[in-house]
Structures are given as C-alpha cells and as structure tokens.
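Mind looking over this structure? Questions follow.
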4 protein chains.
Amino acid sequence: MEQQFNEKTDSNATTTQAKQTADGKYAKILQSAIAVISEKGLDKTSISDIVKKAGVAQGTFYLYFESKTALIPAIANNLLTITLGAIKEKVQHESDVWRKLEVFVDETFHITEAYRDVIVLCYSGLAIDNSLEKWEAIYQPYYDWFEHILIKGIESKQLYAHMHVEWTSRMVINLVENAAERFYIGKEQQNTIEVYKSEVIAFLQRSLEAR
Amino acid sequence: MEQQFNEKTDSNATTTQAKQTADGKYAKILQSAIAVISEKGLDKTSISDIVKKAGVAQGTFYLYFESKTALIPAIANNLLTITLGAIKEKVQHESDVWRKLEVFVDETFHITEAYRDVIVLCYSGLAIDNSLEKWEAIYQPYYDWFEHILIKGIESKQLYAHMHVEWTSRMVINLVENAAERFYIGKEQQNTIEVYKSEVIAFLQRSLEAR
Amino acid sequence: MEQQFNEKTDSNATTTQAKQTADGKYAKILQSAIAVISEKGLDKTSISDIVKKAGVAQGTFYLYFESKTALIPAIANNLLTITLGAIKEKVQHESDVWRKLEVFVDETFHITEAYRDVIVLCYSGLAIDNSLEKWEAIYQPYYDWFEHILIKGIESKQLYAHMHVEWTSRMVINLVENAAERFYIGKEQQNTIEVYKSEVIAFLQRSLEAR
Amino acid sequence: MEQQFNEKTDSNATTTQAKQTADGKYAKILQSAIAVISEKGLDKTSISDIVKKAGVAQGTFYLYFESKTALIPAIANNLLTITLGAIKEKVQHESDVWRKLEVFVDETFHITEAYRDVIVLCYSGLAIDNSLEKWEAIYQPYYDWFEHILIKGIESKQLYAHMHVEWTSRMVINLVENAAERFYIGKEQQNTIEVYKSEVIAFLQRSLEAR
DNA sequence: GATGAATGAGTATTCATTCAT
DNA sequence: AATGAATGAATACTCATTCAT
C-alpha cells in the first residue's frame, strides 16, 4: 500500500537530492536555518545568523535559496517528509485499522512535541506569505496516504462506508495535529496526556466506525 | 445561558472601552490596521500606513498601542468578538442542539469567508510572536460558550454523555474552523459547499450523538 | 532685462526655500553631498558619508531626498543657480554686447575651474540616470537669459540678424563651457589661458557679428 | 591624408587585435557589454548579464578585461573607431571643404542617432571614473583627422587662415556633436532636422570662412 | 584558456519608536 | 492628548572578483 506513495515521497526526495551539491551546502543551510529560526523566530533571524551557523558565505545562501521567504516551503517540506516518514514507519507494522489510528495519534503527538517550534514557524511563515495553499500542496502526500488507510478500513468493513474519504482524511489529520499542538502549546500537564489522547481517539472512533 | 459569559465578554469590552477616547481614535486606528494589514500583510504594513489611513499622527499610534506587535492580540480579540457575537446571535434562535450545530457550522463558514484575511493575519501574527497561548486565551469565551451547548445537549440526552466537554469543545470548534478555512483557502468550487458542510456535520454528529 | 528672469530664478530659489526647514537641514545635506561626492565620486559616496558630514541622522536624509539618485538634479540645479547668478552679476555691468561676451567667457572659465568636480558629477550623474533631459530643463533659464543677450545685440545691429537665437544660444553656451572644461580637465598650461580664451571669443565673434 | 593616421588607428586596432582570440570571445564580450549596458545602464548591468549574453563563463570576462571599469574605455574606443571610420568613409568622397563640412555634420547627426545610448554611457562611464582625460586621448585621432581637413581648407584659401587649428578642430567637433546630441536627446521634431543642421553649418561657416 | 561555484565586503533604504512642542 | 520631525539601528541582497579544477 505504501509502495505507491513511495513514488511521491521519492519525488520529494528527488527534489531534495537535486539540491544536494558537492559538500551538501543546501542541506547544511537548510538545517542551520531550521535550527536558528526555531530558536529565534523567523523575523529575528537574519541570513547572517543562518550562514554563520552553516559555515558558508553570505552569498552562498542565495545560490541555494532565492530569498529568505523561500526557506519556509523548504522547511515545511522537510518537516512533512520527516513526519510522514516516521508515521508510515510506525503504522506499517500494524494491520488492524484501529491500531493504526492509535499509533497514528501516538506518533503525531510525539512528533508534535519534538518539532513544536518548526511546526509553528511553518504556520506563521506560510501565513505571512499568504501562501497557505503551498501548505496544502506539501501535505498532499500525507492526505493521500491517510486516505488509503481509510479505504482499507472501509473495505474491511471496520470503517463507516459512506464517509467522503478525501475530506475525512483532511479532517482527521487536522483534528489530531491540532489536538497535539494545543496540548503542547498550552503546556498542559504531562500526566493527562494518555487520557487526552484516548479522548481524541474515542472522538474519532465514534465518527469513523462502521455502523 | 449567555448571561454568565457576559462577564468575560464585558471584561473584553472593558478593555476596549478603556481605550475609547473622545474621537474614537483607538477604534479608528484598530480598524485601519485591520484593513491595511489584511491587504498588505503584517510585515509589509508600516505604522505609517496605518496612521495615514486612520488620519492621525504617527505618535498617536503609541498612545493607544504599546507597539506594532500589540496590534495582533487586539485584532484577534476584535475578530473573536465579532465571530462569537455573530454566531451566538444566530444560534440562540435555535432550540434543538442539532440545529444549533448546523447553524454553528453555517455561520463559521460564512464568517471564515468574510474574514479570511484577518484570520490568516491572526495566525501568522500570533505565531510569529510565539504567543499562540494568547490565541487560546482569546478563544476562551468561545470555548466556554460551546461547552455549554454541549452540556445542554448532554442534559437533553441528545449528545453522548461521556465526552470530555472541554476538550470536545475545542476539537469541534477547531474541526469546523479548519474545514472552513481549507474550503476557502483552497478555493474549492462553491457548488460543493453544501455537500462539504453536510459531510462536516455528519462527521461531528457521529461523534457527538448519544448512543 | 534680467528683471524678467529674476522670476524664474526666484522660482528656483523658491523651490529651494521651500525645502529650507527650521535648521536648514536640506541645505546642510545638499552642501555635504556636493562636498563629499565631488571628492569621492558618486559611486563611492555612501549616504552614510553624507549624513555624517551633515551632522544628521541616516533617516533624516530621506526626509529631504527621495533617494541617492535624487541628489543629482538638486546638485545640478544648485550649480546652475550659482553659475547663472555669478555670470549675470558680472555681465550686467557691461553694456556693449562684445564686452558681455568677453565677460561671459571669462566668468565661465572662472566658474568651470572652481566647480570642476561638481560639473563632472552632474554630467555623469545625469547620464547614469538617462535623465539628460533634466539637464536641459535645468539649463533653460540660462539659455533664456543668453537669448536675450543675443536679441539685444541683434537689435543694436551688432550681431548677425539672421541667426536662430534659441539654437545659437545653446550652441554658444555649450561651446564656451566645453572649451573651458577641456582646458581645465586637460590640465593645459595656465599661461595659455588668455590666448585660448581669445581664440574662443574670436571664433564666436566671426560667427555672431553682423555682416 | 588618412595615411598617417593609420598608424594611430592601427595602434588602436593592434590593441584590439591583441585581444582577438580563437573564438573571438573578446569581441563577443565587448559587443554584449555594449548591448546590455546601452539598454540597462552601466550601474544596473552586472558582469553576469554580460557573460550570459556573450555565452561565456563568469570568469572568462576577467581573461579579457581587468575589471568592469575597464569596459568603458574599450567601449569608447570602439565607438570612436566606428564613428571615425564612418565619417572618413563619407567625407573622403568630397573634395570641396564646405562639402566635407556638410557631410561631416550629416554623418555626425546620423551616428549620434544610431549610437545615442552608447554615447551616453561613454560620457557617464568616463565621468564616473574621473577619467575624462581618457576620452580626450581616445578622441585624439579624430581631432587630428579634422585638423587636417582644416589645414587643407586653409591651404586652399577657403578657410580663415589665422585660426588655431588644433583648438578649432576640437571646438567644431564638440559643437557639432553636442548639437546632434541635444537634437536627439531633446527629441525635437524630425521635420526640423534639416533646418537645424543648416543653422549649425551656417554658424560654423561664418566662423571658418576666409575673409 | 575556460569554467562557474564560492566568496564576503558593501549599502541604500525602511520604519518602529521617541520626544520636544 | 496630539503631533510629526527626527532618529539610528538593523538587514536582505547584490555582484565584482577569485581560484581550484
């Protein structure tokens, strides 16, 4: 199942690889940018900060990125690649759709915690630019992958047959991500996390289960 | 029901009123800011743009706002006030909880369309500042209000009794707002809107209904 | 005769005066700009150099000039005002047209020597900008003034009656200025200057005299 | 007559030839530079623009030109070569000095129109550098050639015998070029051109004719 | 000779903020 | 309260030039 998505993932990877020059300056700059911007915020990060950390010259930045703004989609793409990679990895070991959903929620919370700052910068960065559509484009492979989970679940009669899989895919992913973000951004107590996740799963289950 | 929230709403209003001077300069500046920033984006909008549109002097801005950054929570607050006001207004005419939900979805889509730009600027503005918690604080009255809808629905045995109302309130509001945003940001065809909304409502209904 | 040109001169002066604020910051910046650019050349002069010399803040420059480029027409205008002022002053004491011509040549050489650098920067500055027409516009009062000299000379039967005064005015002014520039730019020996000027005057006289 | 100038011309040519490599890269770069700079102006033209148009690598530029600045004298030299070549070509068919003068004026106007942009860039370029003397040096063969025209005219008793030929040569060339430039830069109506040229010729004739 | 990736110095311009009036 | 002239810090981006291949 995931097989056919590897292609898309690969196409992303290819894009990335296309940028992989000799000494991997593209990657070095991108990683430095993520690190610095995550810490200081997009506005307060100067190109100078980034190149200093990356150990390249000021002008080199512009050999790989058209502008400061062009960093954001690259970062977002990077984040999605990591996210989707990690989630696929975990989920593929499960065969039951409900277990998949649980693992998906688990992993989303986990990644959200780890990449909290990057997630925030992607939101703000893409919003600034009025390029929220780019976000949707970047998320496309994620949506696609989850749609297939849903379809399989429907085929196995475990999921509600009449749902609109495309829309539902987006609603579920958003619901879970947002719940996770609210959990970590709001800095709620860690001890409630399992209860919180259960509630999210229960909410989804009631919506998704076959009836 | 709304009664007890008037307090909080008032506290917001009070904040606003405190700033209401003679010629309503606070409001004039705020409205100008919303208009200009919605159009040009936060970054490309200068205080100069705002005061020019408001017809006041440069320095006057700082009599009402501590800094440019301080505009965002004010704008967000203004948006929430409008949103919550409009939704309450519409919803209060309904007695059935499912009708309330429908009207709530309708109105959210409506407002999202109308205030699309402002919503985007609030996201990016608050994210920039790493002050996403402020957003939650501002949304508090909205969450509270919806919780009461849920509670009433539970009491009337129409809604699922074991839900965690606080969390569910947030999940539902987020789900609907996000669906609406995706609809208008993605610029999907208008003719699918009713189907789309129905799907959202159906999704929620399956989760929320008593069983 | 000069009376009627005072108007135009005044209009220039007025323009200048309009810019004369409280502490004469406009003039201070303009004079500093002339000084620094004359010395270092336009390209190698930074706004920082100018404001430092003028004793104002960086941003203050932009209160009085739209851009670095906008300096050049201002400088050119300033130069013309000085030039025309000085020449008029000297020439008005002469009644004979040939004496006027002599004094005009004398004074042109004199001013060219004194303002050599400024003249060069005006040439290059206006050429850079492809705004050579501006130069013509700025020179207009000069051309006008000289036309009247020619007309008076024609009326007194001393100058060739069938010349085209407007074109001749431009040709003569250019001829003399260019001769002077070539003299000082080429750094010819000072001892030849009187002979050189005589040759220029003789050349002109043969062209202009009534016959 | 031109014979003796061939040397100088050759010296120029030699300079050029010295740079003529295998695939004529020098010429390719020079022509590209003229084209691009004429269009965009010196300041806004980057070496990158030039090499891109020339179809050579960035570094190749520096094999043929020491720096960006070094382009200007090369362009000016190129312009003079073209100008002098064209004018000589036309004038040599005339035997009468007055006809030569007419043809000289005609051709100067013609070339000024055709190379307007290049002329402007030479002015500004050389002025920027404070290297106006270079311009004189480049023009030397032109002055020399015209001096000989004058000498021949004097010998044939058609021209005024007591003129200073060297200075007069420069004055005349400048007068005509400047008149032409003013004509095309000022964008005067084309229908006046013949009248305009006649006036220039008449002005010169009165100065130059034997008396 | 040719290349073109890498460099890093250099700067015009913007704009949030202040404060004397 | 209101003004708006003045400030000066801050920075994205350019591009001439170099040099290892």
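Just so it is clear: chains get the letters A, B, ... in the order the sequence lines come, proteins before strands, and each one is counted from 1. What you see below is based on every heavy atom in this structure, not just the backbone, and it leaves out hydrogens, waters and symmetry mates. Since the structure is predicted, the reported quantities are computational estimates derived from the model, not experimental observations.
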Problem set entry | Partner residues of B:A70 under the side chain to side chain contact (heavy atoms under 4.5 Å, CB included) criterion, sequence neighbours left out |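 B:A70 satisfies side chain to side chain contact (heavy atoms under 4.5 Å, CB included) with B:E66, B:S67 once adjacent residues are dropped.
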Exercise. Between C:K25 and F:dA6, does any side-chain N or O lie under 4.0 Å from OP1 or OP2?
Worked result: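 True: C:K25 side-chain N/O within range (under 4.0 Å) of F:dA6 OP1/OP2.
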Do any N or O atoms of the protein come closer than 3.5 Å to N or O atoms of nucleotides 8-12 of chain E, and which pairs are they?
| from | atom 1 | to | atom 2 | distance (Å) |
| --- | --- | --- | --- | --- |
| E:dG8 | N7 | A:G59 | N | 2.9 |
| E:dA12 | OP1 | C:K68 | NZ | 3.0 |
| E:dA12 | OP2 | C:I47 | N | 2.9 |

Exercise. What integer distance in Å separates B:I29:CD1 from E:dT17:P?
Worked result: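 Rounded to whole Å, this separation is 14 Å.
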For this session: State which residues pass ring-ring contact (aromatic ring centres under 6.0 Å, His included) with C:Y115; sequence neighbours excluded, sorted by chain then number.
Result: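 Scan of C:Y115 (ring-ring contact (aromatic ring centres under 6.0 Å, His included), adjacent residues dropped) gives none.
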For this session: Nearest whole angstrom, please: distance from the P of F:dA10 to the CG of A:D49.
Result: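 Answer to the nearest Å: 12 Å.
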Exercise. Atom CG of A:L63 and atom P of F:dT14: how far apart are they, to the nearest Å?
Worked result: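 Answer to the nearest Å: 12 Å.
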For this session: List in chain and number order the residues that pass salt bridge (charged side-chain N to carboxylate O under 4.0 Å, His left out) with B:K53, two or more places apart in sequence or in another chain; answer none if no residue qualifies.
Result: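 Expected list: none.
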Exercise. Of all residues at least two apart in sequence or in a different chain, which pass the ring-ring contact (aromatic ring centres under 6.0 Å, His included) check with C:Y62?
Worked result: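 Partners of C:Y62 by the ring-ring contact (aromatic ring centres under 6.0 Å, His included) criterion come out as none, since no residue qualifies.
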Problem set entry | Pairing string, 5' to 3', for DNA chain E - Watson-Crick or wobble contacts under 3.5 Å, brackets [ ] where pairs cross, | to another strand | .||||||||||||||||||||
Exercise. By salt bridge (charged side-chain N to carboxylate O under 4.0 Å, His left out), which residues pair with C:K52, not counting sequence neighbours?
Worked result: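 Salt bridge (charged side-chain N to carboxylate O under 4.0 Å, His left out) check on C:K52 returns nothing, list empty.
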Problem set entry | Main-chain N/O of C:N77 paired with C:T81 side-chain donor or acceptor, under 3.5 Å |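 Here the side-chain-to-backbone pair exists.
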Problem set entry | B:K52 NZ to E:dT14 P, straight-line distance once rounded to whole Å |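 Taking atom P of E:dT14 as the reference, NZ of B:K52 is at 12 Å.
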Exercise. For the pair made of CZ in C:F61 and C1' in E:dC15, what is the distance, rounded to whole Å?
Worked result: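 Result: 17 Å.
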Exercise. Which whole-number value in Å describes the distance from A:K28 NZ to E:dA5 C1'?
Worked result: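 The answer, rounded to whole Å, is 14 Å.
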Problem set entry | salt bridge (charged side-chain N to carboxylate O under 4.0 Å, His left out) partners of residues 30-45 of chain B, not counting sequence neighbours, each pair once |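 Listed once each, the pairs are B:K40-B:D49.
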For this session: Take the protein atom CD1 of B:I50 and the nucleotide atom P of F:dT3, then report the distance between them rounded to whole Å.
Result: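 It is 16 Å, rounded to the nearest whole Å.
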Under 3.5 Å donor-acceptor pairs involving side-chain atoms of residues 29-37 of chain C, not counting sequence neighbours:
| from | atom 1 | to | atom 2 | distance (Å) |
| --- | --- | --- | --- | --- |
| C:S32 | OG | C:K28 | O | 2.7 |
| C:S32 | OG | C:A54 | N | 3.4 |

For this session: Determine the sole option in D:L79, D:N78, D:D117 for which the side-chain contact (heavy atoms from CB on, under 4.5 Å) test with D:C122 is passed.
Result: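 Running side-chain contact (heavy atoms from CB on, under 4.5 Å) over D:L79, D:N78, D:D117 with D:C122 returns exactly one hit, D:L79.
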Problem set entry | Whole angstrom value for the distance that separates C1' of F:dA10 from NZ of A:K40 |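 These atoms are roughly 12 Å apart.
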